[in-house]
S.K.: 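Quick one: this structure, given as structure tokens, is what I'll be asking you about.
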There are 2 protein chains.
Amino acid sequence: MVNLTKLTKLSINQSIFSKMGNITIKMLAKELNLSTAAVSKALRDSHEISEGTKKRVLELAAALNYVPHPYAGSLREKKSNTIAVVIPEVADSFFSLALNGIEAVAIANGYHALIYLTHESFEREKTLLKDLESGRVDGVIMSVTMKTDTFDHLKSLNKMVPMVFFDRVCEEIDTAKITTNDEECGYQATQHLIDSGCKKIAILSISESLSINSKRIQGYQQALLENGREGDPASIIDYGEDSVENFEQLRKVFREVDRPDGIVATVSKMTTDIYLVCMELGLRIPQDVKVVSFSNDSTVAILNPSLTTITQPAFEMGELAAGILFKALKKKYLVLSEESTVVPSQLFVRNSTSSSV
Amino acid sequence: MVNLTKLTKLSINQSIFSKMGNITIKMLAKELNLSTAAVSKALRDSHEISEGTKKRVLELAAALNYVPHPYAGSLREKKSNTIAVVIPEVADSFFSLALNGIEAVAIANGYHALIYLTHESFEREKTLLKDLESGRVDGVIMSVTMKTDTFDHLKSLNKMVPMVFFDRVCEEIDTAKITTNDEECGYQATQHLIDSGCKKIAILSISESLSINSKRIQGYQQALLENGREGDPASIIDYGEDSVENFEQLRKVFREVDRPDGIVATVSKMTTDIYLVCMELGLRIPQDVKVVSFSNDSTVAILNPSLTTITQPAFEMGELAAGILFKALKKKYLVLSEESTVVPSQLFVRNSTSSSV
DNA sequence: ACCATTTACTTAATCGGTTAAGTAAATAAA
DNA sequence: TTTATTTACTTAACCGATTAAGTAAATGGT
């Protein structure tokens, strides 16, 4: 049995919440008539401590539910055993799947993964990354916002902490980047629409500064070019953050006489708008308009009609990014930029591009 | 201009990443011939420091990109300015919306919100909560896993740190709980199916131990009872984690002669399976089977057919939960259990329950 | 029996901040 | 002029853990 009489004297500053106060090594030491050093070593199974003492320490620690304070150790060791994952949002299948991949690897490596959301705000990204220069985390995995168009905050953080970018990478930063074959996919999506009989193909552009966006559009233009079509600049439709404006924009495009008969959505959330606008205007998918979307949504198969998608290896990209980061955290002198990887996405043909209807 | 000559002598232990090493108050103090105390006070705009000195400190701090180490302050102040958000997953519209609500409030209060995912693993929940007893965070907002059926880990954490539950609450813990009117919604959904002409209504049950689940089912049973129907136990279909098994289960149910002609999905992810099974078996929604789902998905309107939903005030529930937690963190003696709130959900009728087709 | 080594600890410094208490010089009050 | 107060700092303790260095006692070798 553990005698707690002495310990009660130690509990101070009790708020309504910490009825018991946090147990510290100091308390264990006092209770056991040992130095804090001995207790610390016992907990870490040091050879300097006798088996009997170790047993006493472990038993008391368990009885009192001792949990080491992570910040104390981190401060001393200059190592937080924590990584940060900085992503635009989580209400997106791609990011939530990638996150699962990252988390799985982080847990397997005994690390904490702190998730930070920028909500596509460049200001928030800057504030966040500045904070991460503090030593709060040992490494960072991130996808930049749609609006990230200067890179000093990234460069600055990259000097302090190993970083790995995934999907929405920043080309200007010299470090590891996990991407998918965006240009090729833009090409494939467009070629698939052409093959399905589309004459006028539009593409929704999410952000000028985003490398994945421009690559997808490059692929789109390349496909048009190879098929002897003008790269009509009017067919690149800017898609912003204001959902009302976006809807209005789409409505306008599809109301025109020479409206597109095929459209590529570069991110999944554009799909709902496309479907709704087509419904409203009485345009049938795929008969009047064919749709391909970059998407990882699980609902694509039960949409009306089911949606042809370019699906990214989201989970795998997360796993890879995390794997490389932990490799860097273990081996001190890893050249991260040499670890960049491109993982291919896959085209899934469904009814939204069917030409046989 | 800042003279950095002295400072270079301080940089030690440079890894490939920390080319510059982290700037500390000690370095600033040395460079300015001040004590660390003076620098600390200057940075916190103390009246004890002259305006001239404050200016010198602030300028050097800015020039060297000084970022205070959060763990050092937290340790001393016994306050981390950080809360934890523990949720089952993020690939779910309800949780991601709630998360946005929580985050918005956290940022407004100058706090960090650390997101932890349990992936519905009870073991992970226990490990996580144990870690959170360390002092890592000042408060916790959480939704328990589907499998959480013992509560010692929750009770234990609740002694150390203020907790607020939302949606998937634990009734046994005496603290604030933000819920929606689950029983009423189960009732409404069922009544709506009855009103739409359904004779045999099934409900998908996600977990026996989850209070929201049992409440929804109670509402369902109540509605059946009030309409003079037997509460057929066979109509409560257990939905587990194995997606292949779930699909098989559903297929079996809908193949039977007296198959249901109405079904309530208690969580949104069940919807895809229902739609796919109906497609496969040639059952038309809503003519042969009517579907209501608890869902916050943005795609419900473009499904085939569009889905009738019970939609929870997810963002608002997150905001409320966070608001109460911060109220508790500010006022020391707030009785959290008195802050529990129930926010109503809303029924949106769409085509999956249409009776006029 | 005597020195060497091993065992099982303790002491004290450290991580990077914050702050109570102390102090010397300048200014104000009597 | 002398004492009181204010100003602008510094010193030192502290948060909770880790660990290099120190030490007393037990054990071992010859």
Side-chain angles (χ1 to χ4, degrees), chain A residues 10-13 18 21-57 61 64-82 131 133-138 160, chain B residues 10-13 18 21-57 61 64-82 131 133-138 160:
Chain A
L10 282 164
S11 8
I12 38 156
N13 259 340
S18 55
N22 274 52
I23 303 294
T24 65
I25 278 194
K26 201 188 248 173
M27 294 177 190
L28 298 180
K30 192 157 190 178
E31 189 71 11
L32 295 166
N33 275 314
L34 284 171
S35 68
T36 61
V39 175
S40 174
K41 285 171 183 167
L43 290 169
R44 322 189 100 238
D45 201 26
S46 160
H47 65 92
E48 292 178 59
I49 305 297
S50 72
E51 289 307 317
T53 303
K54 277 183 195 169
K55 193 165 172 254
R56 288 204 307 143
V57 170
L64 297 183
N65 192 28
Y66 166 73
V67 183
H69 199 303
Y71 296 167
S74 293
L75 207 53
R76 168 73 208 239
E77 303 302 303
K78 287 172 170 289
K79 183 163 187 303
S80 64
N81 278 298
T82 301
D131 175 274
E133 291 185 23
S134 63
R136 193 187 285 278
V137 296
D138 300 337
M160 311 290 297
Chain B
L10 284 163
S11 8
I12 37 156
N13 260 341
S18 55
N22 274 51
I23 303 296
T24 65
I25 278 194
K26 200 187 248 173
M27 294 177 190
L28 298 180
K30 191 156 189 177
E31 188 73 10
L32 294 165
N33 274 314
L34 283 171
S35 68
T36 60
V39 175
S40 172
K41 286 172 181 166
L43 290 169
R44 323 189 99 235
D45 200 25
S46 160
H47 65 91
E48 291 178 58
I49 305 297
S50 72
E51 290 308 316
T53 302
K54 278 184 194 169
K55 193 165 173 257
R56 288 204 307 143
V57 171
L64 297 184
N65 192 30
Y66 166 73
V67 182
H69 199 303
Y71 297 166
S74 292
L75 207 54
R76 169 71 209 233
E77 303 302 305
K78 287 173 169 289
K79 183 166 188 298
S80 64
N81 278 297
T82 300
D131 174 275
E133 291 185 21
S134 63
R136 192 187 285 276
V137 297
D138 300 337
M160 312 290 298

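Below, all heavy atoms of this structure are taken into account, side chains as well, without hydrogens, waters or symmetry copies. Note on naming: letters A, B, ... go to the chains in the order of the sequence lines (proteins, then strands), and numbering restarts at 1 for each one.
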S.K.: Looking only at heavy atoms, which two atoms of A:Gly135 and A:Ser80 are closest? And how far apart?
M.R.: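 Shortest heavy-atom separation between A:Gly135 and A:Ser80 comes out as O-CB, 4.2 Å.
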S.K.: Under 4.0 Å from OP1 or OP2 of C:dT18: is there any side-chain N or O of B:Tyr71 that close?
M.R.: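 B:Tyr71 to C:dT18 OP1/OP2: no side-chain N or O under 4.0 Å.
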S.K.: Within the pair B:Ser35 and D:dT11, is there a side-chain N or O less than 4.0 Å away from OP1 or OP2?
M.R.: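 Answer is no, no contact under 4.0 Å.
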S.K.: Can you figure out which of C:dG16, C:dA21, C:dT19 approaches the side chain of B:Glu77 most closely?
M.R.: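 Nucleotide nearest to B:Glu77's side chain: C:dT19.
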S.K.: Please work out if B:Ser50 contacts a base, only the sugar-phosphate, or nothing of the nucleic acid, heavy-atom cut-off 4.0 Å.
M.R.: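 If one applies the 4.0 Å heavy-atom cut-off, B:Ser50 turns out to touch the sugar-phosphate alone, with no base involved.
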S.K.: For A:Leu43 and for B:Lys54, find the nucleotide of DNA chain D with the closest heavy atom, then tell me which residue's nucleotide is more 5'.
M.R.: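 The residue mapped nearer the 5' terminus is B:Lys54.
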S.K.: Taking only N and O in the side chain of A:Lys79, is any of them less than 4.0 Å away from OP1 or OP2 of C:dC15?
M.R.: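 Checking A:Lys79 against C:dC15: no side-chain N or O falls below 4.0 Å of OP1 or OP2.
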S.K.: Considering only heavy atoms from C-beta outward, does the side chain of B:Ser46 approach that of B:Arg44 to under 4.5 Å?
M.R.: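 No, their side chains stay 4.5 Å or more apart.
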S.K.: Using a cut-off of strictly less than 4.0 Å, decide whether A:Arg44 has a side-chain nitrogen or oxygen near OP1 or OP2 of D:dA17.
M.R.: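 Answer is no, no contact under 4.0 Å.
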S.K.: C:dT10 base to A:Lys41 side chain: any donor-acceptor pair below 3.5 Å?
M.R.: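 Such a pair is found, so the answer is yes.
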S.K.: Identify which nucleotide among D:dG16, C:dG16, C:dC9 has an atom closest to any side-chain atom of A:Ala72, counting heavy atoms from C-beta outward.
M.R.: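 Between D:dG16, C:dG16, C:dC9, the one nearest the side chain of A:Ala72 would be D:dG16.
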S.K.: Is there a side-chain contact between A:Thr24 and the phosphate of D:dC15, meaning an N or O under 4.0 Å from OP1 or OP2?
M.R.: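 False: A:Thr24 side-chain N/O out of range (4.0 Å or more) of D:dC15 OP1/OP2.
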S.K.: Side chain of A:Ala37, heavy atoms from C-beta onward: which of C:dC9, D:dC15, C:dT11 has the nearest atom to it?
M.R.: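 That would be C:dT11.
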S.K.: A:Lys78 side chain: which of D:dC9, C:dC15, D:dC15 is closest?
M.R.: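 It is C:dC15.
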S.K.: Is the shortest heavy-atom distance from the side chain of A:Lys79 to the side chain of A:Asp138 under 4.5 Å?
M.R.: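 Yes, side chains in contact.
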S.K.: Between D:dG16, D:dT10, C:dT10, which one does the side chain of B:Leu34 approach most closely?
M.R.: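 It is D:dT10.
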S.K.: Closer to the 5' end of DNA chain C via nearest nucleotide, is it B:His69 or A:Val39?
M.R.: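 Nearer the 5' end of the strand: A:Val39.
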S.K.: Closer than 3.5 angstrom, by distance alone: can the side chain of B:Ser74 be matched with the main-chain N or O of B:Pro70 as a donor-acceptor pair?
M.R.: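 At least one qualifying donor-acceptor pair exists.
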S.K.: Base, sugar-phosphate alone, or nothing: which one does A:Thr53 contact when heavy atoms must sit under 4.0 Å apart?
M.R.: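 If one applies the 4.0 Å heavy-atom cut-off, A:Thr53 turns out to touch the sugar-phosphate alone, with no base involved.
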S.K.: Taking the side chain as every heavy atom from C-beta outward, state whether A:Ile25 and A:Leu43 have any atom pair closer than 4.5 Å.
M.R.: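 The answer is yes; the side chains approach within 4.5 Å.
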